[in-house]
Every structure is written in C-alpha cells, then in structure tokens.
Amino acid sequence: MNNVYLAFLLSFFAGISTLVGVVPIFIKGVNIDKIICSSLSFASAVMLFISIFDLLPESFYFLNKYDVIFKIFIIYFSLVLGLIICFLLDKNISSDNGLYKVGLLSFFAIIVHNIPEGIITFITTTRDLKLGISLSIAIILHNIPEGISISLPIFYSTGSKYKAFYYTFLSGISELFGAILTYLFLSKVINNFILGVVLALTAGIMIYISLCELLPSSLSYNNIKIFFISFVFGLIIVIFSLLL
C-alpha cells in the first residue's frame, strides 16, 4: 500500500485512540471521587512529562540548524506565549463548574497538540514507514490519558456521556486533520522552524493545564495515595512511550 495512505491510517488510529479515554465514564459501581482524582492525576503526569521530555526536546531538534542562543530564545518565547494564551483562556472561560472548565481547557490543548502531531506523523510515515509505525504507537500510549483529561471532567460536570464522547472525538480526529492539511497545503510550506515553534507553544499550553488545572483539581479530592499512585503510573506510561 502507498505510504501516503498508510500515513493517513496511522494518523487516524493514533488520533482516534483518544476515545479510549472515554471508557472510564461507562464503568459502574466505582467511587466517583476516586476515579476523578486518579484520572486527573494520571492525565496531568502524562501531559506534564510529555511536554518537558518530548515536546520541548523535539522543538530543540527541529531548530537544530540555528545557534544555541537563538534556539533557546525561540523556545522560551514560544513556551511563555503558550502559557499566556492558556492563562487568558482560563480567565475568560465563564463557568461556575471548575471541572467543566478543566475539560474545556484540556480539549483546547489537545487539539493544539494533535494537529502538529498529525503533521509530524504524516511526514514521518511517508518518509520512513517503520519509524512512522513506532511513532504512532508512542502517540497512542499518551493519547489515551489525554482523552481521559477531557472525557472525565466533561462527563462528571455535565452528566452527559454524549458531550464527553463528542469533545473527546473532536480532539482525537484533529490529528487526522493535521495529516490532511499537510497533504493538501502544508507539505511545501511547513518547515522545521514552524514545527519547532508550534511544539514549544503546545508545551506551554499543556504545562499550564497540567500544573494549574489538572493537578489542583486532582488534589482537591484529598486522596494523596490515589493521587501519587496515578501520577507515578502516568510517568511510567510517558517513559515507555518515549522509549518507543
């Protein structure tokens, strides 16, 4: 099969794996506080460590042809810009339900994350199928907890499984959207500088949501044991995905 078609398939499956994060809302007979606490802690660890140990190093890699001082400046500027954008969104989302706001911010962050991820998956697969498959598996591993960070807050704040599924689906399919954009328009204009900036910007957004929304929300349930175990498990998932 042509690598272009495989690139679309891998981008689709990597993105749609986000929907696995919806599964916990269908589990009955569980302690709701414990599942929210563990899920948010798990998702926060994944988003935080993916940002620090994956997105920022990738950004540095894509800016490789520039001198170190310029790279650091661009990455720092993009990171701070991401933090500011998310801060402004946080302050302007009018909601009396803090959990719902967490879900909406996660939804925004993961769309911003998945579009460049779809671009990278598509470009990588068309150039090196084996590397594209490995990259897709790693993406699937961290997309699942990212789906949790959307579906759980949306469901438990609204009681709507449809809304939880819908928002999670949109965030996941945005990865395929990134691949389609690349195929139709971006393949000739996208360059390493743009990818480096976008990855650092995304890292800033995800770090803000992890530290300022997911972690505080998880800790508010006052279950340190569940919080700690889930956070460590999230870290293990990130390490495993990075090894791939």
Do the side chain of [X] and the main chain of [Y] share a donor and acceptor less than 3.5 angstrom apart?
X    : Y    : value
S78  : A200 : no
K161 : F155 : no
T18  : G15  : yes

Residues, nucleotides or ligands: over 12 heavy atoms within 6.0 Å of L88 CG =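 Counting other residues, nucleotides and ligands, CG of L88 exceeds 12 neighbours.
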
inquiry  = Are more than 12 heavy atoms, taken from residues, nucleotides or ligands other than F26, located less than 6.0 Å from that residue's CZ atom?
reply    =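 Yes, because the 6.0 Å sphere around CZ of F26 holds more than 12 heavy atoms from other groups.
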
inquiry  = Could you work out, with side-chain hydrogen bond (donor to acceptor under 3.5 Å, both in side chains) as the rule, every residue matching E146, not counting sequence neighbours?
reply    =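 E146 satisfies side-chain hydrogen bond (donor to acceptor under 3.5 Å, both in side chains) with H113 only.
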
Aromatic plane relationship, F42 with F233 - under 30° parallel, 30 to 60° tilted, over 60° perpendicular =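 Judged by the thresholds at 30° and 60°, the geometry between F233 and F42 is parallel.
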
query = Under the 4.5 Å side-chain heavy-atom rule for ILVMFWY, direct or indirect, which residues accompany I226?
reply =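 Besides I226, the cluster holds no residue at all.
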
ask   = Is there a side-chain contact between L181 and F177, using heavy atoms and a 4.5 Å cut-off?
value =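 Of all side-chain heavy-atom pairs linking F177 with L181, at least one is under 4.5 Å.
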
inquiry  = To check you understand the geometry: which heavy-atom pair defines the closest contact between G21 and S151, and what is its length?
reply    =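 Residues G21 and S151, closest heavy atoms: O-OG, 2.6 Å.
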
Would you list the atom pairs, donor with acceptor, under 3.5 Å between side chains in residues 55-77 and any protein atom, with sequence neighbours excluded?
{"from": "S59", "atom 1": "OG", "to": "G196", "atom 2": "O", "distance (Å)": "2.6"}
{"from": "D67", "atom 1": "OD1", "to": "I69", "atom 2": "N", "distance (Å)": "3.2"}
{"from": "D67", "atom 1": "OD1", "to": "F70", "atom 2": "N", "distance (Å)": "3.0"}

F107: which of Y167, Y166, Y100, F169 passes ring-ring contact (aromatic ring centres under 6.0 Å, His included) =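 Answer to the ring-ring contact (aromatic ring centres under 6.0 Å, His included) test with F107 among Y167, Y166, Y100, F169: Y167.
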
